[in-house]
Participant: 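Pasting in a structure now, in C-alpha cells, and then I'll have a few things to ask.
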Amino acid sequence: MNSEIIDLHSHTHFSDGSLSPEALVDLAVESNVSQLAISDHDSIDGLLACDLSDKPIQIIPSVEISANWGKHGLHILGLNIDICCQSIQTFLKQQQANRQKRALEIAKKLRVSGVIHAEDDIGYLIDSQPMVCRTHIAQLLLDQGYVKTFQEAFKKYLAKGGKAHIKDTWFDLEDVIAIIKQAGGQVILAHPMRYGMGSNKLKLLVEEFKALGGDGLEICYPNINPGHKNLLATWAKAYKLCGSQGSDFHSPDKSWVKLGKFPPLPEGVEPVWARW
Ligand code: AMP
Ligand code: MN
Ligand code: MN
Ligand code: MN
C-alpha cells in the first residue's frame, strides 16, 4: 500500500490563505505530507518569491485559475507548472489586474449598500497585500460588524444574488486550459461538486473540459460525499481523465480542513502524480 501523503491543493497569503509559503510548508512537513502543491488563486508570486528547496518535502509548483464557462465561474488547477514560463506570468498579471478592478467595483456597490468606508478600506487592502480576494472583503465586513458570520457576508453581499455581487469576467475555460498547457502543467478541474450544477450539466462540462485538452478531475477533497466521489471516478475512467486530490487548505483557523486529510483516490483511477 502506498502510504505517502500527497496534497495537491493549498493556499498561502499570496492569495486568500493565512500562512506564508514557508510556514505552510513547515506545517505540511509536520503533517507528514511528502508532496504539496502550492496553488494560490491566480498567482505564482509566492512560489517565485520563496526558496523552499531546503525543505524535506516535494513542492509541486501550481496555481488555481478562475475561469468562465458560459455563465459559470470555475476553478482550474494547473499542477506542476513551469513558473518561469513568460506566457503564464503575463496571463496571471492580467488576471490580477481584473481582480483589482473587480475589488473596486465591489467596493463601490458596498458603499452604495451602506458600508460607509468600503472604498477606503478596500483601497487599503489593494495597497497593502499581494492580492484581494472576496474572502478578504468578507473578513472586513465581519470585523466591522456588517455581518455576523463569514457565510452571511457572501450570502448578503458577495455571492450571486448579493448586494455587491459582480459578475465573473474571467478568461474563458478554453484560454485557461491553453495557458496551463503552455506552462507544461496538468490541467485539473478543481472541486467539481462545488459549482452547484446538476449532474447532467456537470457531465457536459466534463466532456467539454476533456475535448478542450483538460487532463483530470479533482476527485478527493474534504467533505465530498461517497456517491459524488464514485460518480467523478466513473467519469474519469470513461473520459480517460486522471484523478487528483487535495485539502484546499487556507488556514489553521479553519480547524475542519487539515493538510493531507481527504478520502483516498478510488481504485482504477490514474493518479495525476504518476505523470511527473
Ligand atoms: P474569489 O476568488 O476572490 O472570488 O474568492 C473566492 C474564494 O472565496 C473561494 O476560493 C473561497 O475560499 C471563498 N468563498 C467563495 N464562496 C464562498 C462562500 N459562499 N462562503 C465562504 N467562502 C466562500
Ligand atoms: Mn480561496
Ligand atoms: Mn477553488
Ligand atoms: Mn482553492
Side-chain angles (χ1 to χ4, degrees), residues 7-19 21 24 36-44 46-47 60 62-69 71-79 92 95-107 109-110 122 125-126 129-142 147-171 176 180 187-197 217-224 244-254 256-259 261-262:
D7 190 332
L8 300 177
H9 191 155
S10 69
H11 296 273
T12 76
H13 67 201
F14 281 84
S15 65
D16 60 351
S18 69
L19 300 179
L24 173 73
L36 178 73
I38 298 181
S39 55
D40 275 312
H41 294 288
D42 299 312
S43 174
I44 51 175
L47 292 158
I60 311 296
S62 302
V63 64
E64 182 177 20
I65 303 184
S66 305
N68 269 118
W69 182 61
K71 64 179 170 59
H72 298 277
L74 304 177
H75 284 179
I76 308 297
L77 286 161
L79 298 182
L92 293 174
Q95 190 86 329
Q96 285 163 25
N98 283 346
R99 278 187 168 273
Q100 189 161 325
K101 188 167 156 268
R102 182 186 66 158
L104 293 170
E105 287 171 12
I106 292 174
K109 281 200 167 183
L110 282 173
I122 291 174
L125 281 182
I126 289 173
Q129 49 186 59
M131 180 194 284
V132 177
C133 296
R134 281 183 300 165
T135 331
H136 301 116
I137 301 175
Q139 190 61 50
L140 200 82
L141 291 165
L142 188 60
V147 292
K148 291 199 175 59
T149 65
F150 202 72
Q151 284 305 324
E152 191 191 347
F154 275 90
K155 193 158 188 282
K156 192 167 169 192
Y157 294 104
L158 302 170
K160 208 169 166 186
K163 290 183 194 172
H165 177 69
I166 300 290
K167 226 172 103 217
D168 287 327
T169 53
W170 309 118
F171 287 95
V176 172
I180 293 171
V187 184
I188 304 292
L189 178 64
H191 42 66
M193 295 301 174
R194 287 197 199 147
Y195 303 120
M197 293 179 197
L217 305 178
E218 190 177 48
I219 297 178
C220 297
Y221 46 95
N223 295 328
I224 186 160
S244 190
Q245 60 184 31
S247 61
D248 201 1
F249 181 89
H250 280 72
S251 162
D253 298 340
K254 288 186 181 171
W256 57 98
V257 176
K258 295 220 182 309
L259 281 166
K261 292 276 186 250
F262 38 78

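Atoms within a ligand are numbered from 1 in the order they appear, just like the ligands themselves. As a basis for the values below, the full set of heavy atoms in this structure was taken, side chains included, without hydrogen atoms, waters or symmetry mates.
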Participant: If we count only N and O atoms by modelled type, under 3.5 Å, do the side chains of Glu64 and His9 hold a donor and an acceptor together?
Facilitator: yes
Participant: Can you label the angle between the His41 ring and the His250 ring as parallel, tilted or perpendicular, going by 30° and 60°?
Facilitator: tilted
Participant: What angle, to the nearest 10°, do the atoms NE2 (His11) and NE2 (His9) form about the Mn ion (ligand 4)?
Facilitator: 100°
Participant: Check each atom of ligand 1 against the heavy atoms of Asp16 and keep those under 4.0 Å away; list them by number with element.
Facilitator: 7 (C), 10 (O), 12 (O)
Participant: Where do Gly246 and Pro222 come nearest, in terms of heavy atoms and distance?
Facilitator: O-CD, 3.5 Å
Participant: Look at atom 8 (O) of ligand 1 and say which protein heavy atom is nearest, naming residue and atom and giving the distance to 0.1 Å.
Facilitator: Thr135 OG1, 3.4 Å
Participant: Check ligand 1 against Arg99 and write out every atom of the ligand that is under 4.0 Å from a heavy-atom position of the residue.
Facilitator: 1 (P), 2 (O), 3 (O)
Participant: Quick check: does Asp248 put an N/O/S atom under 2.8 Å from the Mn ion (ligand 2)?
Facilitator: no
Participant: Can an N, O or S atom be found in His41 less than 2.8 Å away from the Mn ion (ligand 4)?
Facilitator: no
Participant: Do the side chains of Glu105 and Lys109 get close enough for a salt bridge, i.e. N-O under 4.0 angstrom?
Facilitator: no
Participant: Number the atoms of ligand 1 from 1 as they appear, then name those within less than 4.0 Å of a heavy atom of His250, with their elements.
Facilitator: 12 (O)
Participant: State whether a side-chain donor-acceptor pair under 3.5 Å links Asp16 with His136.
Facilitator: no
Participant: How close do Tyr195 and His75 get, counting heavy atoms only, and between which atoms?
Facilitator: OH-N, 3.0 Å
Participant: Could you check which N/O/S atom of Glu64 is closest to the Mn ion (ligand 4)?
Facilitator: OE1
Participant: Would Ser66 and Asp42 count as having a side-chain donor-acceptor pair, cut-off 3.5 Å?
Facilitator: yes
Participant: Ligand 1 and Trp170, any nitrogen or oxygen pair closer than 3.5 angstrom?
Facilitator: no
Participant: Heavy-atom pairs closer than 4.0 Å: do any link ligand 1 to the side chain of Lys155, the backbone, both, or neither?
Facilitator: neither
Participant: Just need the protein heavy atom nearest to atom 3 (O) of ligand 1, so name the residue and atom and give the distance.
Facilitator: Arg102 NH2, 2.6 Å
Participant: Please check if any side-chain donor atom of His13 sits under 3.5 Å from a side-chain acceptor atom of Asp40, or the reverse.
Facilitator: no
Participant: If you count the atoms of ligand 1 from 1 in the order shown, which ones are under 4.0 Å from a heavy atom of Cys133?
Facilitator: 3 (O)
Participant: Checking the N or O distance criterion of under 3.5 Å, is ligand 1 in contact with Arg134?
Facilitator: yes
Participant: Report whether any nitrogen, oxygen or sulfur of Cys133 sits less than 2.8 Å from the Mn ion (ligand 2) (N, O or S, backbone or side chain).
Facilitator: no
Participant: Among the N/O/S atoms of Asp16, which is closest to the Mn ion (ligand 2)? Give the atom name.
Facilitator: OD2
Participant: Any N/O/S of His250 under 2.8 Å from the Mn ion (ligand 4)?
Facilitator: no
Participant: As a test of understanding, state which of Ile38, Leu24, Thr12 forms a side chain to side chain contact (heavy atoms under 4.5 Å, CB included) with Phe249.
Facilitator: Leu24
Participant: Would you confirm whether Tyr221, through its side chain, and Ser244, through its main-chain N or O, come within 3.5 Å as a donor-acceptor pair?
Facilitator: no
Participant: List the closest protein heavy-atom neighbour of atom 14 (N) of ligand 1: residue, atom name, distance to the nearest 0.1 Å.
Facilitator: Phe154 CZ, 3.4 Å
Participant: In Å, rounded to the nearest 0.5 Å, how long is the span from CD1 of Ile65 to OG of Ser43?
Facilitator: 10.5 Å
Participant: Counting each atom of ligand 1 from 1 as listed, which ones have a heavy atom of His41 under 4.0 Å away?
Facilitator: 10 (O)
